[in-house]
Amino acid sequence: MTKFPKDFLWGGATAAHQVEGGFDEGGKGLSVSDVYTFDSSLPKEKWTDQWHLMTHAQVAEAQNPDSKKYYPKRNGNDFYHHYKEDIALFAEMGFKCYRTSIAWTRIFPNGDEDLPNEAGLAFYDKMFDELLKYGIEPVVSLSHYEMPLHLATEYGGWPNRQLIDFYVKFATTVFKRYKNKVKYWMTFNEINCVKHHPYVSIGVIEENHPNIEQAKYQGAHHQFIASALATKACHQIIPDSKVGCMISYQLLIPYSCDPDDVQKTVESQRTSLFFSDVQARGYYPAYTKRMFEEKGVVLETEVGDEEILRQYPVDFISFSYYMSSAVSAHPENLENAEGNLITGGIKNPYLPSSEWGWQIDPKGLRIALNQLYDRYQKPLFIAENGLGAVDQIEKDGTIQDDYRIDYLKQHIEQIQEAIHDGVDLFGYTSWGCIDIVSASTSQMSKRYGYIYVDQDDEGHGTRNRRKKKSFDWYKNVIATNGEEL
Ligand code: BG6
């Protein structure tokens with residue numbers, strides 16, 4: 001079996017709004033994620049509703065200081081106060097890299113200030129120093145579902161072209177500040193997910209929106225330009241930097257060999273690949289014209305936009321991979337796949353599902369890696385992969401998360417196959433290396449970590465950290481560079 005490259009970046013990933021907490025400390029402003037609530041009295045199937053369809057009333061209530069609701073993403077797992085302890089644990093596992101995001105609202109609390117917030121900049125200085133102390137390479141997302149709320153409520157989010165300047169200013173500020181500390185950057189987390197949840201992706205509330213498809217793609221266009229300009233600035237400020245795009249890649253498979261299923265699968269897959277096509281190749285793909293016609297989208301662009309996209313494509317492609325989904329042109333009589341990120345997927349009878357209905361398909365990861373590498377011929381980075389599960393603390397205090405080990409082992413085996421296939425992959429960060437608040441359900445009990453955090457869905461608990469069985473397993477995977485799984 002082909003070995004992992006010698007300098008392969010093994011590590012773990014999180015995002016600021018899911019770990020940090022300290023939402024009202026160090027001058028931080030509210031982000032779009034700080035308004036998500038968790039309410040255990042609601043039926044389970046309602047927990048993800050806000051993720052897809054945030055309402056004006058919910059945002060207004062969250063801005064009211066007297067609101068009695070619980071907002072889990074304001075607390076995260078309290079990494080803001082535990083970062084030294086947590087990074088020491090990552091180092092003990094032998095992490096070569098740690099992927100996280102910089103909360104835009106720590107640096108520019110409202111997003112439109114002239115000057116950055118020094119306390120926010122100082123926090124990330126300390127965090128990066130702590131990582132570098134152990135030789136852990138920071139991999140930083142500039143925007144991971146945490147744009148300033150103010151830019152959503154006062155500017156209407158990314159469909160407003162002014163956001164390009166605000167973002168580039170934020171990006172340039174952090175490039176200059178951390179130029180000697182951070183080499184790997186990602187511009188927008190899961191940029192293609194605007195199609196599922198425009199509120200958290202581009203700051204647009206879908207409710208009563210006159211033309212939501214137009215808003216989504218206009219917002220995406222501005223993010224493409226912002227990403228290209230940030231890439232340009234990053235290369236100027238940090239000459240040896242590498243900038244990546246980041247998409248959610250859910251492999252789609254035709255439910256049957258019916259040519260209609262096959263065609264629908266190609267079209268559906270393109271709705272994700274569209275985003276990496278623009279960012280990696282530097283231009284809108286040929287199929288855009290028809291896609292926009294069918295969606296009724298007419299982009300407003302400016303002279304020079306095409307040139308910007310062409311001149312500053314990304315250096316590498318990163319993606320999250322959790323599951324695959326079957327696609328049918330005639331879904332009426334078929335069983336739907338459940339799961340938070342799946343819209344309209346059909347249940348694949350050959351695959352098991354997680355407790356949240358996400359269909360587990362390790363072999364799909366090998367296919368995904370090959371598809372992306374064949375398409376772009378640029379280095380790849382797996383930015384997220386993992387199993388959300390409920391963990392049990394045994395009487396002796398241990399957490400026997402063999403199910404997580406199995407999931408990760410099977411996926412890493414397929415990564416190895418893909419490397420053998422010739423794919424150029426330079427890193428793997430499993431998602432939620434320490435337990436964090438779920439993005440889609442805002443639960444704490446949907447756990448991904450090697451490290452357990454004593455905190456429940458309502459925020460109760462000591463927040464003490466505890467190693468799970470998978471901690472030592474992953475430590476050995478890294479120590480043997482993937483030879484022992
Ligand atoms: C990805 C996001 O979509 O999936 C993460 O980039 C998220 O922020 C992860 O946490 C897992 O999803 P969830 O809903 O289980 O937290």
Side-chain angles (χ1 to χ4, degrees), residues 12-20 31-34 36 38 44-52 54 72-73 75-77 79 98-104 139-147 186-202 244-251 272 275-276 318-325 338-343 345 353-360 365 368 381-391 403-404 407-408 411 429-449 453 455 457:
T14 65
H17 72 283
Q18 291 170 265
V19 279
E20 284 182 7
S31 86
V32 286
S33 282
D34 288 327
Y36 285 107
F38 182 78
K44 225 174 169 183
E45 53 286 1
K46 292 270 170 219
W47 292 352
T48 54
D49 281 4
Q50 307 169 79
W51 179 244
H52 292 285
M54 176 59 72
K73 287 168 187 164
N75 292 341
N77 68 12
F79 178 81
Y98 172 54
R99 171 184 176 239
T100 191
S101 58
I102 291 179
W104 188 344
V139 178
V140 175
S141 312
L142 287 166
S143 185
H144 190 135
Y145 300 151
E146 54 216 358
M147 64 182 280
M186 293 170 190
T187 52
F188 289 95
N189 182 67
E190 296 189 333
I191 189 166
N192 57 320
C193 283
V194 62
K195 52 192 171 106
H196 304 309
H197 37 64
Y199 166 70
V200 78
S201 293
I202 58 164
C245 61
M246 197 302 198
I247 59 164
S248 159
Y249 203 57
Q250 186 175 340
L251 183 73
S272 281
F275 293 82
S276 40
S318 73
F319 66 104
S320 59
Y321 179 85
Y322 293 93
M323 61 190 133
S324 68
S325 181
E338 293 162 30
N340 305 319
L341 301 180
I342 301 172
T343 43
S353 303
S354 79
E355 287 175 70
W356 278 261
W358 294 15
Q359 291 213 276
I360 302 170
L365 177 54
F381 186 96
I382 300 174
E384 294 181 25
N385 170 239
L387 179 73
V390 174
D391 291 327
Y403 37 89
R404 183 167 293 109
Y407 177 102
L408 294 167
H411 283 79
T429 49
S430 62
W431 180 248
C433 45
I434 179 166
D435 292 346
I436 61 181
V437 176
S438 155
S440 59
T441 68
S442 292
Q443 285 172 282
M444 191 66 200
S445 53
K446 188 180 186 189
R447 298 173 184 273
Y448 287 85
V453 177
Q455 182 175 304
D457 291 339

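Everything numeric here is computed off the predicted structure, so don't read it as measured data. Numbering of ligands and ligand atoms starts at 1, following listing order.
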Checklist outcome for this item: Paired with E384, the side-chain hydrogen bond (donor to acceptor under 3.5 Å, both in side chains) test is passed by just one of Y322, W431, Y321, namely Y322
What about [X]: any of its N or O atoms under 3.5 Å from an N or O on ligand 1?
{"X": "W358", "value": "no"}
{"X": "M246", "value": "no"}
{"X": "S438", "value": "yes"}
{"X": "H144", "value": "yes"}
{"X": "H17", "value": "no"}
{"X": "S320", "value": "no"}

Checklist entry - Judged by non-hydrogen atoms, does W51 sit under 4.0 Å from ligand 1? => result no
Check: [Y] main-chain N/O paired with [X] side-chain donor or acceptor under 3.5 Å:
{"X": "Q443", "Y": "F38", "result": "no"}
{"X": "S248", "Y": "E190", "result": "no"}
{"X": "D435", "Y": "R447", "result": "no"}

Checklist entry - Taking only residues two or more places apart in sequence or in another chain, which ones pass salt bridge (Lys or Arg N to Asp or Glu O under 4.0 Å) with D34? => result K28
Next on the checklist: When you compare the side chains of Y98 and T14, does any donor N or O come within less than 3.5 Å of an acceptor on the partner?
Outcome noted: yes
For [X], atoms of ligand 1 separated by under 4.0 Å from a heavy atom:
{"X": "Y448", "answer": "11 (C), 12 (O), 13 (P), 15 (O)"}
{"X": "Y322", "answer": "4 (O), 9 (C), 11 (C)"}
{"X": "K446", "answer": "13 (P), 14 (O), 15 (O)"}

I need the contact type for [X] against ligand 1. Using non-hydrogen atoms and a strict under-4.0 Å cut-off, is it side chain, backbone, both or neither?
{"X": "N189", "result": "side chain"}
{"X": "W356", "result": "neither"}
{"X": "W47", "result": "neither"}

Checklist entry - Are the charged groups of K73 and E146 less than 4.0 angstrom apart, N to O? => result no
Checklist entry - Hey, what's the ring geometry for Y448 with W358, parallel, tilted or perpendicular (30° and 60° as the breaks)? => result tilted
Checklist entry - Is any side-chain heavy atom of H196 closer than 4.5 Å to a side-chain heavy atom of S201? => result no
